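In this text, all values refer to a predicted model and were calculated from it rather than measured experimentally. All residue numbers in this chain count up from 1 along the given sequence.
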Amino acid sequence: MVDYKKILRLTNMGYSLRQTAASVGHSHHTVKNVLELAEKRGIEWPVDDDVTNVELEKLLYPERKTAGSHYAEPDFDHIHRELSKKGVTLTLLWQEYCERAYANGEMPYMSTQFGDKYRRWARITKATMRVTHKPGDVMQVDWAGGTIPYFDSITGEEYKAYLFVAALPCSSYLYVEACTDMKQENWLMCHVHAYEYFGGVTRVLVPDNLKTGVTANTRYETQLNESYRELAEYYGTAIVPARVRKPQDKGLVERSVGFSTTWITAALREQKFFSFAEVKDAVSKRLEIINAKPFQKRPGSRREAYLSEEKEFMLPLPKRPYEPSVWKQQKVGNEYLISDGLNKYSVPFDLIGEKVQIRLTKDLVEVYFKGSRMTSHKRLDKYSVQPVTKPEHMPSNHREYLNCNADEFKKWAATVGKYTEEVVKLFLTDGSIPEQGYKTCVSLTKLGKRYGKKKLEAACERMLAFSSFPSIRTITTLLKNSKESEKTVEVSDNSNKYGITRGAAYWRKAGGDR
């Protein structure tokens, strides 16, 4: 029998074809045929010590029948392909194998032998990757280590572009995107773009332990960044971070990072970019080349493998793409304002001293307290000196102060009457600036609340009848006198209340008659 193990070992040590043939005692054509079949079957040195040449011959020449063998040899390539499909187990495939063996008049292996033989075949052919990852099950993500420089076309200042990498372990399909930084907003948007590129969502998302995604990852619990958790819920996927210092948990993306560094970062090293848009476009083009590049040890390419084996198992995309949000926590100060980092926005004043959660999107600022949304504001995209406030967030005295302006006083006076409007106008123009009349206008509004708008309008009419320079003191006096005169009239109207019906004239007449 040909010593297949020795051929593999000597070739791995660097022996030439003729040297190997001379050492094993076979023709160089036999050795060449063995090496070609080994490459085709994915068999490499080293192999396990317990693997025999008989077993290697069965793998290299499955069409050969061993003399005296009455057991049906499993089709391990078929088993391997079927195991990558959703819901397919080794037990199910063993039962199907038994049925085929009996139909052909052959004896099947027992389930234990069947499993052992398959696992040994998988170890020899290095085919374990597609066993551990089912189609549409996992997406692994990370930042690549290398960067791509680009320059300002005017100043010549150098910047760096960072690469986000997402990989589907089953088909090895990749998504790579250039970013200006590795902050949370870019991290989230790259996930959105990756799902759109793949045309679907995986059941599980495996990131590294980056602060943009994972707050803490201990042996007892995993704490996710709130924004990252929200994205996963929106797409219906589950985040399972890789264990700390366990790179095998996301082995494919580690290899993909190195692969993208070689085929993107290194491939573009000679090009000089003068804008980030140029970098982004170049990375997109290189990505298409990578996904169309044929595999070395199996037929097809990454894209072909994805379309034929994995795409149908991906979860559907939501109708609308996710809008990334950033969560942050702040303590509300005495001015009952919170900040998005650029501008300030009001919250209800009774939250002063409390810690609130702030959700920031591109167009919206939302404030949550103990899980309940307290308020929201339209987010400003430019810096504003004045904070964005809502009157209902203020205490009553602050709301009144907020209304102390010429326009508000004029609007209020219009609701009272034309004479009050004239008085307010004179108050506001009496000084060199309108603000000098605010105090008297405030006093006038208080009089309106105390005596009523109708009486205030009457008092302003009398005031303007004898003076073109009204004063708040005179208007107050008129209102007081009006109230006292009303009391006098009431007393006069009630003079007969106690039954006295004869006046002084009657008694004078009565005395004269005497």
Side-chain angles (χ1 to χ4, degrees), residues 79-90 119 122 126-144 163-177 187-210 212-214 217 222-225 227-260 287 290-291 295 297-298 300-318 322:
I79 294 168
H80 191 59
R81 286 194 302 271
E82 292 300 307
L83 269 178
S84 68
K85 296 179 180 179
K86 192 172 183 179
V88 178
T89 64
L90 204 58
R119 282 185 283 272
K126 307 294 187 296
T128 56
M129 182 190 70
R130 294 176 65 196
V131 177
T132 56
H133 297 289
K134 293 186 178 295
D137 196 52
V138 176
M139 182 175 86
Q140 299 174 334
V141 294
D142 201 357
W143 291 106
L163 295 184
F164 169 89
V165 181
L168 302 180
C170 179
S171 61
S172 300
Y173 201 37
L174 294 179
Y175 175 73
V176 182
E177 181 178 345
W187 172 253
L188 297 175
M189 281 306 300
C190 284
H191 283 70
V192 175
H193 298 159
Y195 286 136
E196 291 174 351
Y197 182 81
F198 294 143
V201 181
T202 56
R203 187 179 66 88
V204 178
L205 176 60
V206 181
D208 204 349
N209 291 280
L210 302 167
T212 49
V214 182
N217 189 11
T222 299
Q223 296 178 1
L224 299 175
N225 180 285
S227 303
Y228 204 30
R229 181 197 60 77
E230 189 179 69
L231 177 140
E233 287 185 356
Y234 186 84
Y235 281 101
T237 187
I239 299 174
V240 182
R243 293 171 294 173
V244 179
R245 292 186 292 275
K246 298 289 183 180
Q248 65 269 26
D249 285 2
K250 54 182 187 67
L252 178 67
V253 78
E254 294 287 349
R255 291 192 295 274
S256 300
V257 165
F259 193 78
S260 62
L287 173 64
I290 290 173
N291 282 328
F295 289 119
K297 295 184 179 180
R298 59 186 176 112
S301 64
R302 285 174 166 78
R303 178 172 287 108
E304 290 171 351
Y306 172 73
L307 295 175
S308 62
E309 300 177 11
E310 190 161 19
K311 183 173 174 57
E312 61 178 310
F313 297 101
M314 300 286 282
L315 300 175
L317 289 170
Y322 174 73

Do any N or O atoms from the side chain of Thr237 and from the backbone of Arg203 form a donor-acceptor pair under 3.5 angstrom? yes
Has Asn291 got a side-chain atom pairing as donor or acceptor with Tyr173's backbone, closer than 3.5 angstrom? no
Would you indicate whether the side-chain heavy atoms of Thr202 and Met314 approach each other to under 4.5 Å? yes
Beyond-backbone contact of Trp187 with Pro207, side-chain heavy atoms, under 4.5 angstrom: yes
Which atom names give the shortest non-hydrogen contact between [X] and [Y], and what distance separates them?
X: Leu315; Y: Gly236; result: CD1-O, 3.9 Å
X: Met139; Y: Ala194; result: SD-CB, 4.3 Å
X: Leu205; Y: His191; result: CD2-CD2, 3.7 Å

Find the distance between [atom1] ([X]) and [atom2] ([Y]) and round it off to the nearest 0.5 Å.
X: Glu233; Y: Tyr228; atom1: CD; atom2: OH; result: 13.5 Å
X: Phe313; Y: Cys170; atom1: CZ; atom2: SG; result: 8.5 Å
X: Ser301; Y: Leu307; atom1: OG; atom2: CG; result: 8.0 Å
X: Glu304; Y: Ser171; atom1: CD; atom2: OG; result: 11.5 Å

Among residues at least two apart in sequence or on other chains, which ones pass salt bridge (Lys or Arg N to Asp or Glu O under 4.0 Å) with Glu196? none
Determine the interplanar angle of the Phe164 and Trp143 rings, folded into 0 to 90°, and report it as parallel if under 30°, tilted if 30 to 60°, perpendicular if over 60°. perpendicular
Would you sort out whether Val240 and Val138 count as a side-chain contact (heavy atoms from CB on, under 4.5 Å), showing the intermediate values? CA-CA 10 Å; Val240 182; Val138 176; over 6 Å; no
From the list Phe198, Tyr322, Tyr235, side-chain contact (heavy atoms from CB on, under 4.5 Å) partner of Leu317 resolves to Tyr235
Results of side chain to side chain contact (heavy atoms under 4.5 Å, CB included) for Met189 - residues two or more places apart only: His193, Pro324
Counterpart residues, ring pair (Phe, Tyr, Trp, His ring centres under 6.0 Å), relative to Tyr175 (two or more places apart): Tyr197
Which is it for Leu90 and Ile79 under the side-chain contact (heavy atoms from CB on, under 4.5 Å) test, yes or no, and what are the steps along the way? CA-CA 8 Å; Leu90 204 58; Ile79 294 168; 4.0 Å; yes
